[in-house]
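Hydrogens, waters and symmetry mates play no part in the numbers below; they use all other heavy atoms, side chains included. Bear in mind the structure is a predicted one, so any value in this text is a computation, not a measurement. In what follows, chains carry the letters A, B, and so on, assigned in the order in which the sequence lines appear, proteins first and then strands, with residues in each chain numbered from 1.
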2 protein chains.
Amino acid sequence: MPTPLAVALGDPAGIGPEIVAKAWEKRDALGVPPFFAVGDCEAIEAVWRGPVEAIASPGEASDCFAHALPLIRVGGGCRISPGAPDLDGARHALDSLEIAVGLTRSGAASGLVTGPVSKSQLYTIGFTHPGQTEFVAERCGVSGDMVAMMLVGPTLRTVPVTVHVPVRNVPDLLTVERIIAKARATIRGLQRQFGIEQPRIAVAGLNPHAGEEGALGREEIDVIIPAIERLRDEGFDIAGPYPADTMFHERARQRYDAALCMYHDQALVPLKTLYFDEGVNMTLGLPIVRTSPDHGTAFPIAGKGQANPGAMIAALKTAASSAHRIAQA
Amino acid sequence: MPTPLAVALGDPAGIGPEIVAKAWEKRDALGVPPFFAVGDCEAIEAVWRGPVEAIASPGEASDCFAHALPLIRVGGGCRISPGAPDLDGARHALDSLEIAVGLTRSGAASGLVTGPVSKSQLYTIGFTHPGQTEFVAERCGVSGDMVAMMLVGPTLRTVPVTVHVPVRNVPDLLTVERIIAKARATIRGLQRQFGIEQPRIAVAGLNPHAGEEGALGREEIDVIIPAIERLRDEGFDIAGPYPADTMFHERARQRYDAALCMYHDQALVPLKTLYFDEGVNMTLGLPIVRTSPDHGTAFPIAGKGQANPGAMIAALKTAASSAHRIAQA
């Protein structure tokens, strides 16, 4: 059996525990790769009646995965109210993430899958990273600027250059250097984690109509085009800047392996419009494989049995195939 | 036969003439409503071999529509090179628009459909409006702030609060008053032009995750929520602000009649990702009906016979049904 994946449950009051349990239930039907969960046992018990087996180390996961959901316990003894997050839960989510990252870095897990957390809860307990991605990058000793967040759907991959920042700050954060760094991380990730030798990158403009030759904004001329030209000089297959609204329809998606986007929603809106229940968030540029389902904690439906495990299952499969590809290389 | 629609051809070197001719060819097969074109005869002849009949006034269109494409000529005698726009072409596009607007205002045409123009060409000849929408609004004596641009697809309608402005300027352009004006224009338009008595409006946030309670931007708290609350106090069915990336998937689209978006690409990306070949741009808040196909001049494919008339046909049908609804009211 292959080395299992480590799955941090995310906020115990969100839908993370439920979708992890549902993913385990589908292990045979959908070919979900072996994994173990890291988090509150109570969070799973609050929403699921299936078998959970506490394990002390990842090595035990393979033995029990066929008959029970393997769990490395964090916290314990807390009452969990699905849909009602609290600070203890946020602390356990952070502890689970920390442990799952460590086990993946050590090689005991083949890749890391992270469940959804509440950023506002994490900020309240003093979490200083914009999101889980930046936290994982730091724990791996990699600058946040050198990693890239890739959203993966069946026919679309997008990478935002800026991520969890106010739209007001985006124009000044777009620099030639930052765009080049994200493009390189994207290209390397497509080669290493997806096996695409010569990745084709399409770059979005920032402004309406990609600035309409400067009439609707200067960032394309001042920053984006110079970055594209430098990347092209390095021999990369990189095109644009394109008006964002012309890049994501079915025919357009066939022309590139990943779209490099200038801000969060430019990358996320097309992906989630098309693939709301199966989008995967993958971090490129890390020494480990890391994915997550591309949705939030969904507190309003937590504990009601309604959560769709599609994106969690896609995140598990994407992580496993990526880990396998790296191991073979 | 109903009063015909007036169709301004748009830039004569773009795909406008071709998609108008192709729409006429499909008049019986797809039930395209009667219309007449306004523009260069040479622009149509350069890309199409079918019958064109020059008419002097809209009243003649109905008689010839069954056997020839009715055309009110503008310009004339110019050599047109499809794909190679020039300033004469831009002038003719503007003249065509002006005439088509006038004929619609007078009631001789039941609605206005505008073909794609090159804004950079228009700016070069001194056009001072951000786009055709604002020009039409001015010619109708309506402030640009009071009209709204609605993008219409089979299962999605979106309205951007700010349109042809650099992203850098968007945050400061978002005011409570502007959001309320666009929401009111949207609601009135849905009632008047689509026959929806109690329209349901979903409002997008500006920032990632709709600002995550202020951590990723303040515009939701400072501007968007106050605007929503005032509209709700007026009795409107208006919800949000929602994270933009959660608003446009299939289930989410069923919860509202129109999505009010904060900027151009937030409204255009989901619409064109889903409906690239059939998106309609409709102007709400005018005394006339006005639609256009929601795509550009596509100069690179002009004259090659490849242009898809789907969006032009959808624009004609949407304009006719809207004009019919208003006439019946």
Only pairs of heavy atoms separated by less than 4.5 Å count here; which of [options] has the most with chain B?
options	result
Asn169(A), Asp294(A), Leu206(A)	Leu206(A)
Gly217(A), Ser120(A), Ala215(A)	Ser120(A)
Asp277(A), Val163(A), Thr246(A)	Asp277(A)

If you count the non-hydrogen atoms of other residues, nucleotides and ligands that lie under 6.0 Å from CD in Glu177(B), is the total more than 12?
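Counting other residues, nucleotides and ligands, CD of Glu177(B) exceeds 12 neighbours.
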So with a 6.0 Å cut-off around CD of Glu250(A), is the heavy-atom count from everything else above 12?
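Counting other residues, nucleotides and ligands, CD of Glu250(A) stays at 12 neighbours or fewer.
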Which residues, numbered in order, of residues 259-274 of chain B come under 4.5 angstrom of chain A by heavy-atom distance?
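The list, in residue order, reads Tyr263(B), His264(B), Asp265(B), Gln266(B), Leu268(B), Val269(B), Pro270(B), Lys272(B), Thr273(B), Leu274(B).
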Which of residues 219-226 of chain A have a heavy atom under 4.5 Å from any heavy atom of chain B?
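Near chain B, by residue number: Glu219(A).
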Proximal to chain B - members of residues 147-159 of chain A, heavy-atom separation under 4.5 Å
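No residue falls under the 4.5 Å cut-off.
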For a quick test of reading the model, state the closest non-hydrogen atom pair linking Phe276(A) to Asp245(B) and the distance between them.
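What the structure gives for the nearest pair is CE1-O, 4.1 Å.
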Counting distance only, does the side-chain N/O of Asn207(A) pair as donor-acceptor with the main-chain N or O of Val167(B) below 3.5 Å?
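Checked: pair present.
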Tell me, do His209(A) and His164(B) make a side-chain contact under 4.5 Å, heavy atoms counted?
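Yes; the side chains approach each other to less than 4.5 Å.
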Arg218(A) versus Arg168(B): any side-chain heavy-atom pair under 4.5 Å?
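No, side chains not in contact.
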Drop me the distance from His295(B)'s NE2 to His249(A)'s NE2, to the nearest 0.5 angstrom.
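The NE2 atom of His295(B) sits 11.0 Å away from the NE2 atom of His249(A).
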Heavy-atom distances under 4.5 Å only: say whether Val170(B) touches chain A with side chain, backbone, both or neither.
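The answer is neither part of Val170(B).
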Listed by chain and number, what are the side chain to side chain contact (heavy atoms under 4.5 Å, CB included) partners of Arg178(B), not counting sequence neighbours?
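Arg178(B): side chain to side chain contact (heavy atoms under 4.5 Å, CB included) contacts with Asp145(B), Val161(B), Leu173(B), Thr175(B).
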